[in-house]
Amino acid sequence: MEPVLWALKTDKVKAALKEEKRLDDRALDAYRDIEVSNEVSKNAEGSARVRLGKTDVIAGVKMILGTPYPDSPGEGTISVGAELHPMAFSEYEFGPPKPDAIEVSRVVDRCIRESKTLNFKDLCIKEGEQIWICFIDLYPLNDDGNLFDAFSIAGLAALIDTKIPKIEDDKIVKGEYSGKLKLARQPLLSTFAKIGNTVVLDPTMVEQKAQDARFSVATTDDNYLCAFQKGGFGGFTGAEIDSCIDIATKASKMVRKKL
Amino acid sequence: MEPVLWALKTDKVKAALKEEKRLDDRALDAYRDIEVSNEVSKNAEGSARVRLGKTDVIAGVKMILGTPYPDSPGEGTISVGAELHPMAFSEYEFGPPKPDAIEVSRVVDRCIRESKTLNFKDLCIKEGEQIWICFIDLYPLNDDGNLFDAFSIAGLAALIDTKIPKIEDDKIVKGEYSGKLKLARQPLLSTFAKIGNTVVLDPTMVEQKAQDARFSVATTDDNYLCAFQKGGFGGFTGAEIDSCIDIATKASKMVRKKL
Amino acid sequence: MEPVLWALKTDKVKAALKEEKRLDDRALDAYRDIEVSNEVSKNAEGSARVRLGKTDVIAGVKMILGTPYPDSPGEGTISVGAELHPMAFSEYEFGPPKPDAIEVSRVVDRCIRESKTLNFKDLCIKEGEQIWICFIDLYPLNDDGNLFDAFSIAGLAALIDTKIPKIEDDKIVKGEYSGKLKLARQPLLSTFAKIGNTVVLDPTMVEQKAQDARFSVATTDDNYLCAFQKGGFGGFTGAEIDSCIDIATKASKMVRKKL
Amino acid sequence: MAKKDEKIDYVKNGKRVDGRKVEELRPLTIEVGVIDNADGSAYLEWGQNKVIVAVYGPRELLPKHKQDPRKAIVNFQYRMATFSVPDRKNPRPARREIEISKVCSEALQRAVFAERFPNTVIDVFVQILDSNAGSRAAGLSAASVALADAGIPMRDLVASTGVGKAGGEIILDLNKFEEDAPDAVDIPIAIMPRTEEIVLLQMDGLLTTKEWKKCLELGVKGCKQVYEVQRAALQKKYDAAGAVKGKEKKKEEKAAKKEKVK
Amino acid sequence: MAKKDEKIDYVKNGKRVDGRKVEELRPLTIEVGVIDNADGSAYLEWGQNKVIVAVYGPRELLPKHKQDPRKAIVNFQYRMATFSVPDRKNPRPARREIEISKVCSEALQRAVFAERFPNTVIDVFVQILDSNAGSRAAGLSAASVALADAGIPMRDLVASTGVGKAGGEIILDLNKFEEDAPDAVDIPIAIMPRTEEIVLLQMDGLLTTKEWKKCLELGVKGCKQVYEVQRAALQKKYDAAGAVKGKEKKKEEKAAKKEKVK
Amino acid sequence: MAKKDEKIDYVKNGKRVDGRKVEELRPLTIEVGVIDNADGSAYLEWGQNKVIVAVYGPRELLPKHKQDPRKAIVNFQYRMATFSVPDRKNPRPARREIEISKVCSEALQRAVFAERFPNTVIDVFVQILDSNAGSRAAGLSAASVALADAGIPMRDLVASTGVGKAGGEIILDLNKFEEDAPDAVDIPIAIMPRTEEIVLLQMDGLLTTKEWKKCLELGVKGCKQVYEVQRAALQKKYDAAGAVKGKEKKKEEKAAKKEKVK
């Protein structure tokens with residue numbers, strides 16, 4: 001879409017928000033409809049497809065054998081990657097990961113890693129020698145805004161779906177599994193767009209284009225905050241941050257029911 | 001050369017072909033003159049230089065020690081690489097391999113690999129631990145068309161020339177050899193250009209520029225077909241493919257006499 | 001700075017040199033003021049900051065465990081890298097190392113390596129298994145000309161400052177050291193710019209812009225020559241080279257006093 | 001793997017190891033119009049293979065020096081998701097993916113009336129979500145449906161399948177198990193079904209000329225089965241050709257308008 | 001490392017392991033105008049962290065298609081010297097460095113009157129020479145001083161610090177030892193002190209909402225301490241606001257002139 | 001390798017290990033005009049070294065912002081075939097190849113009347129097919145012959161050789177065995193023989209000033225021997241200077257014409 005057309009559309013978003021209205025008639029603190037399904041790929045140890053309104057993403061988990069880092073010989077690890085595939089939006093391009101893709105994958109990574117959702121000691125097979133590396137890869141199929149939350153939901157759903165391959169003689173036995181991956185908690189991101197002086201949950205693409213700043217907060221099912229990420233050119237007041245935290249805590253409970 | 005000049009030249013090619021004539025007076029199913037020599041490089045385990053008309057290429061083989069893939073512990077392997085060096089033609093550039101270079105190297109690779117010319121078990125030195133990787137690298141010196149066949153001939157000639165380094169204490173003894181590389185058969189590509197409704201063997205550069213589609217067929221000295229590759233924007237009829245196979249079978253027999 | 005402004009400035013340089021004068025009133029064979037300090041980084045095993053007039057650079061040494069090359073199982077090694085960081089000069093850019101950065105780092109590398117300043121056998125911890133790799137990384141903070149010599153001085157100063165980490169159970173003990181790195185001699189580069197028919201030591205940026213050719217000579221404190229590098233588009237006579245060698249031998253003695 | 005040494009009957013009593021007949025495709029379904037942002041799109045399942053395709057364009061090709069003033073360039077980009085294969089695939093495009101993208105671009109170029117959209121690119125993004133032998137035929141077959149969905153005027157759809165040999169038997173649409181036979185030969189083929197013109201053909205393995213003739217015949221048959229599924233999928237979305245034609249017309253008008261502006 | 005299993009008192013008798021109070025920053029000094037070629041620059045030491053920053057611009061952004069006709073783009077580039085960390089860092093920019101560069105660029109963009117310099121870029125090169133927790137706050141705090149030194153007109157300085165939790169205690173400006181606590185939570189925060197507007201905020205670890213409120217309060221206090229050091233450093237170099245204003249004016253005149261030329 | 005510990009006589013009774021005298025080059029042959037598509041080309045064998053060089057240009061340098069309105073840029077690109085060394089070389093250009101390309105480009109730039117062809121590039125592609133010490137001197141010597149073959153007007157040919165020390169002896173044109181001496185010093189040098197101006201000079205190893213003076217003298221002698229071979233090769237192809245001049249003239253006319261068009 002041309003910049004000029006985006007400008008017309010974002011003007012509409014801003015005009016509506018002055019009356020606390022969104023173009024799709026959602027409440028300011030409401031998510032779009034969410035659908036979660038698994039079975040995206042049999043070759044994956046776990047996978048999920050998430051539709052968040054018209055935003056559509058997939059996540060897949062591969063459990064790969066590796067050797068531990070010297071400074072944590074008894075721990076496996078995770079790796080989160082996101083590719084902003086040009087299939088999903090006309091402004092994306094192939095090539096080495098750009099800052100946008102790096103940011104979202106690192107935020108989803110921290111949301112899972114630092115919430116201690118996975119016990120990295122469980123991912124150690126043989127201390128100092130063999131561990132699991134849990135690769136979580138994220139792709140958009142259609143981006144209509146808020147990839148942060150869509151990726152976060154899909155990543156968690158894929159982890160919930162993940163089976164651990166069976167091992168014999170230090171090698172993976174293809175197609176056989178020794179059980180499910182254990183998750184200690186369920187962290188989820190909730191992302192807000194600040195447009196003028198209004199803050200809305202789960203922005204669409206046009207709301208994203210209209211936004212001055214972005215704020216994401218990750219909450220867990222046991223009521224912890226586990227990640228923040230502020231982005232965009234504008235700033236937030238402390239009160240706005242607190243309000244985002246409140247809304248995120250409630251909204252993520254609704255999302256978790258879909259998993 | 002300017003696009004305009006190419007257009008003038010390709011028009012000539014097409015006009016001549018309407019009368020079943022080629023600009024260099026060859027028969028439609030004839031190769032240009034072929035010269036094969038070895039001794040391109042003493043540092044190579046095997047090497048060859050092939051002149052196909054004005055097309056001039058070199059191939060070199062390096063036998064390198066490696067470790068086997070986990071799923072084929074008793075097998076060595078090959079690797080074919082081609083670089084479209086700007087020395088050979090004004091349209092080539094340095095940089096990461098482009099699709100053209102990748103395609104031709106992969107076709108030559110399959111032609112050798114899938115014809116089982118090399119017994120990969122022969123390339124295993126110690127099961128699960130040490131193997132030979134046979135690197136075949138291809139460079140054009142002057143490209144006047146049909147690098148596919150020139151590379152294929154040079155690659156095979158270099159393999160025929162290849163000596164296996166002597167090993168002591170798991171290391172290569174520089175300059176000493178334990179024998180020649182064994183080849184089970186001799187696969188060779190024959191490449192055709194379809195220009196309008198005429199199909200010609202061994203296209204020159206200007207014929208390549210005039211072509212609508214390309215078809216390569218690899219045949220062996222024991223009368224197998226071992227690889228096909230269709231390229232270019234146009235299509236072939238089944239009858240045309242069959243005719244190419246017939247011509248390739250005969251023509252490659254002539255080429256093999258030069259080796 | 002615009003090319004036009006550089007042209008004006010380089011004209012001044014050339015005009016002054018016709019009367020054997022430099023814009024900063026230095027003698028043709030004199031260095032600018034040199035200041036050397038250490039303690040740039042506690043995380044480095046050795047570091048140094050060197051100011052050569054307004055040129056300002058840092059060097060840091062990291063001692064890293066590695067495995068030896070098969071053909072020198074009893075020897076450690078060094079690796080010199082230089083990044084022409086855009087912080088230092090408006091014409092530099094981030095990205096893969098360009099020929100300029102590669103040249104200067106390789107010349108500093110050879111100056112240290114080939115002068116046998118470090119005994120690579122001292123850097124072997126366990127023959128065939130574990131060695132020290134001594135990484136010397138060079139960054140400009142402000143480039144006002146003659147990075148070659150500034151980097152050379154900083155690299156040597158950082159090596160003089162370098163402590164060898166303590167090893168237990170084949171691993172580095174963070175923050176503890178087993179002694180200082182031993183240096184057999186002190187090699188230093190001296191770089192000359194030929195502008196018209198005049199040759200000057202330690203060119204400033206504007207002198208570099210005015211230069212026809214560049215010549216660097218490395219001398220040691222025990223009176224060896226250990227590296228040459230001619231650069232730039234022009235040429236030198238044998239007599240000019242000899243004169244450079246004489247000046248370098250004297251000038252580097254002065255520089256060594258600062259270390 | 002151990003199986004390689006035993007004698008396997010790849011066809012026994014007319015049935016293959018997975019129960020299929022010699023001339024039978026694995027189950028194949030295509031859904032049209034699945035990506036909202038794209039100009040055309042399709043989702044395809046073929047055995048275990050799962051493929052999604054988005055088409056964007058014709059749109060101006062940038063940088064300009066890559067433009068062809070005589071035609072649109074079809075840019076088919078085949079990529080595998082990291083988790084679509086048994087071992088995780090490195091996210092960077094492999095040489096295999098680059099070669100497949102090239103030959104499939106060329107195959108589709110033949111089918112599209114590219115000369116109507118000079119200086120443009122038609123991007124065809126093909127993402128393999130899951131795979132089990134035959135993903136390039138799956139991607140190419142889905143892509144031509146997505147092109148039609150985008151209203152790109154075409155000479156014909158491109159229908160593709162695998163065909164080949166396993167255990168001495170000439171069979172259609174090999175699955176991974178069959179492709180791993182010691183004597184396996186795999187032949188991806190694509191045709192424009194109306195004229196049977198071959199627009200993609202690759203082969204590797206050891207094959208006699210006689211075997212090839214059987215493969216060709218069987219491959220063409222297979223492509224025609226794929227064609228039926230493609231047409232049914234398009235039919236299902238659009239009330240016959242009407243809607244397609246409408247979209248096609250729109251594109252051409254758009255192109256015409258652009259030319260006037262210049 | 002072994003210490004992780006013992007019980008450590010991260011705050012004992014009001015003192016932290018390095019002797020600091022809960023609300024105390026590590027020693028912080030800033031020097032202005034240290035890089036001759038740059039339009040503005042600053043050198044900062046903060047505990048073991050050593051950072052140098054150079055600002056170039058506003059200057060024309062190339063290639064042109066990246067220009068924004070409505071504003072200057074602030075391009076903050078955070079890089080660590082290979083020897084600034086315990087294990088040697090690969091010289092290529094890591095994903096961490098790219099993310100930090102992005103969020104800090106956005107934080108500074110808010111502070112700068114970017115709309116006065118359309119089509120330009122303001123490059124802010126941040127080199128970490130030595131590090132020990134908190135290098136991004138150090139880089140960002142130094143960068144806004146360097147921007148002021150370059151005479152770039154700004155709404156306010158951006159002041160940044162770390163704040164967080166270790167051993168259950170909410171503390172300001174965590175050092176590496178505290179950051180390695182088993183329950184550590186690290187929160188880089190940056191504000192424009194006059195309005196307390198938050199322009200950078202990241203967090204990871206497990207925190208209750210109540211803990212967060214304490215962190216926010218403490219973080220804002222910390223930023224204001226940083227602000228004092230920033231202002232003192234600028235004051236020291238320039239005879240109060242006079243010199244800065246002069247430079248600012250010059251930039252604007254330069255910009256105005258450029259516009260006329262067009 | 002074991003030999004390093006024994007005492008080797010690198011010169012014994014006036015003869016070196018390979019039978020050469022101290023001032024003797026390895027066998028050197030040059031053939032002109034070997035690449036049909038190129039504007040100029042040469043093939044050189046020098047001991048075990050085998051080098052092929054193609055020259056394209058002067059041709060317009062793209063992208064335009066790299067053009068120099070005052071002169072042609074000589075772009076010497078030195079690359080080694082993967083199989084030209086004992087261990088296979090990675091196909092990506094190594095740092096060594098990039099440095100050699102830079103210093104040789106600069107050496108040739110001096111020899112060419114580059115100012116006659118503004119905004120253009122003269123590409124000199126140098127491919128090492130086999131190597132055994134001295135490949136850069138081989139490449140550079142072949143390149144200036146190829147430039148002459150392309151009709152590029154030159155001040156003089158550039159003649160290059162190695163010279164240096166092994167086992168305490170100053171010798172010309174070291175081979176690999178000599179280069180591996182424990183005290184080896186290798187000095188690639190290139191001159192324009194008519195004026196003896198030094199256009200390429202590198203050195204590493206430990207050398208006294210006195211030894212250097214001997215090396216310089218010997219190196220210049222060696223370059224002049226190379227020069228004779230270069231001239232003979234050109235002579236052989238062209239009926240003396242006539243043909244060269246003709247081509248030169250053509251180039252200049254072409255350049256003049258281009259200028260008029262502008």
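Within every chain, numbering begins at 1; the chains are lettered A, B, ... in the order of the sequence lines, protein sequences first and strands thereafter.
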Subject >> Worked verdict on B:S252 versus B:S190 for side-chain hydrogen bond (donor to acceptor under 3.5 Å, both in side chains) >> reply: CA-CA 7 Å; B:S252 64; B:S190 295; 5.0 Å; no

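- Contacts with chain B were tallied for D:Q109, D:E99, D:R110; D:E99 has the most, counting heavy-atom pairs under 4.5 Å.
- Ranked by heavy-atom pairs under 4.5 Å with chain D, the list B:G232, B:S115, B:P99 is led by B:G232.
- The aromatic rings of D:Y10 and D:F177 sit tilted relative to each other, their planes meeting at an angle between 30° and 60°.
- Proximity to chain B is limited to the backbone of D:L200, based on heavy atoms less than 4.5 angstrom apart.
- Geometrically, D:R155 engages D:F113 in a cation-pi contact defined by less than 6.0 Å to the ring centre and at most 45° from the axis.
- Among B:R106, B:R110, B:K98, the residue making the largest number of heavy-atom pairs under 4.5 Å with chain D is B:R106.
- Annotation: maximal heavy-atom pairing with chain D below 4.5 Å, among B:F236, B:F233, B:Y224, occurs at B:F233.
- The part of B:T220 that comes within reach of chain D is its side chain, from C-beta onward, which places non-hydrogen atoms under 4.5 angstrom from that chain.
- Proximity to chain D is limited to the backbone of B:T237, based on heavy atoms less than 4.5 angstrom apart.
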Subject >> Criterion side-chain hydrogen bond (donor to acceptor under 3.5 Å, both in side chains) on D:N175 and D:N132, from CA distance to verdict >> reply: CA-CA 6 Å; D:N175 64 22; D:N132 178 303; 5.6 Å; no

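- A donor and an acceptor atom, one from each side chain of D:Q225 and D:E23, are nowhere located under 3.5 Å apart.
- Here D:D123 pairs with D:R59 in a salt bridge; the nearest charged N to carboxylate O distance falls below 4.0 Å.
- Residue contact with chain D, scored on non-hydrogen atoms closer than 4.5 Å, involves the side chain of B:R185 exclusively.
- In terms of non-hydrogen atom pairs under 4.5 Å with chain D, the most contact-rich of B:C226, B:P187, B:S216, B:A218 is B:C226.
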**OP:** Report the C-alpha distance between D:S131 and D:N49 in whole Å, list the side-chain angles of each, state the deciding distance to 0.1 Å, and finish with yes or no for side-chain hydrogen bond (donor to acceptor under 3.5 Å, both in side chains).
**Re:** CA-CA 4 Å; D:S131 71; D:N49 292 293; 5.0 Å; no

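- By the 6.0 Å contact criterion, CG on B:N197 is open, its count of non-hydrogen atoms from other residues, nucleotides or ligands being 12 or less.
- Heavy-atom distances place both the backbone and the side chain of B:D100 under 4.5 Å from chain D.
- Among D:V199, D:V103, D:T195, the residue with the largest count of heavy-atom pairs under 4.5 Å with chain B is D:V199.
- Counting heavy-atom pairs under 4.5 Å between each of B:D242, B:T249, B:D246 and chain D puts B:D242 at the top.
- Counting heavy-atom pairs under 4.5 Å between each of D:K213, D:E217, D:M192 and chain B puts D:K213 at the top.
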Original post:
After noting the C-alpha distance and the side-chain angles of B:D202 and B:N146, does the key distance pass the side-chain hydrogen bond (donor to acceptor under 3.5 Å, both in side chains) rule?
Top reply: CA-CA 6 Å; B:D202 180 29; B:N146 198 10; 2.8 Å; yes

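- In this structure, chain B has a heavy atom under 4.5 Å from the side chain of D:K71, while its backbone stays farther away.
- For B:I245, the part lying near chain D is the side chain, with the backbone staying farther off; criterion is any non-hydrogen pair under 4.5 Å.
- Counting heavy-atom pairs closer than 4.5 Å to chain B, the top-ranked of the candidates D:E196, D:E211, D:Q202 is D:Q202.
- Side-chain atoms of D:Q48 and D:D130 form a donor-acceptor pair, as typed in the model, at a separation below 3.5 Å.
- Note on ring orientation: taking the six-membered ring where Trp is involved, the planes of D:F76 and D:Y78 are parallel (angle under 30°, cut-offs 30° and 60°).
- For the set D:A111, D:G205, D:A107, the entry with the most heavy-atom pairs within less than 4.5 Å of chain B is D:G205.
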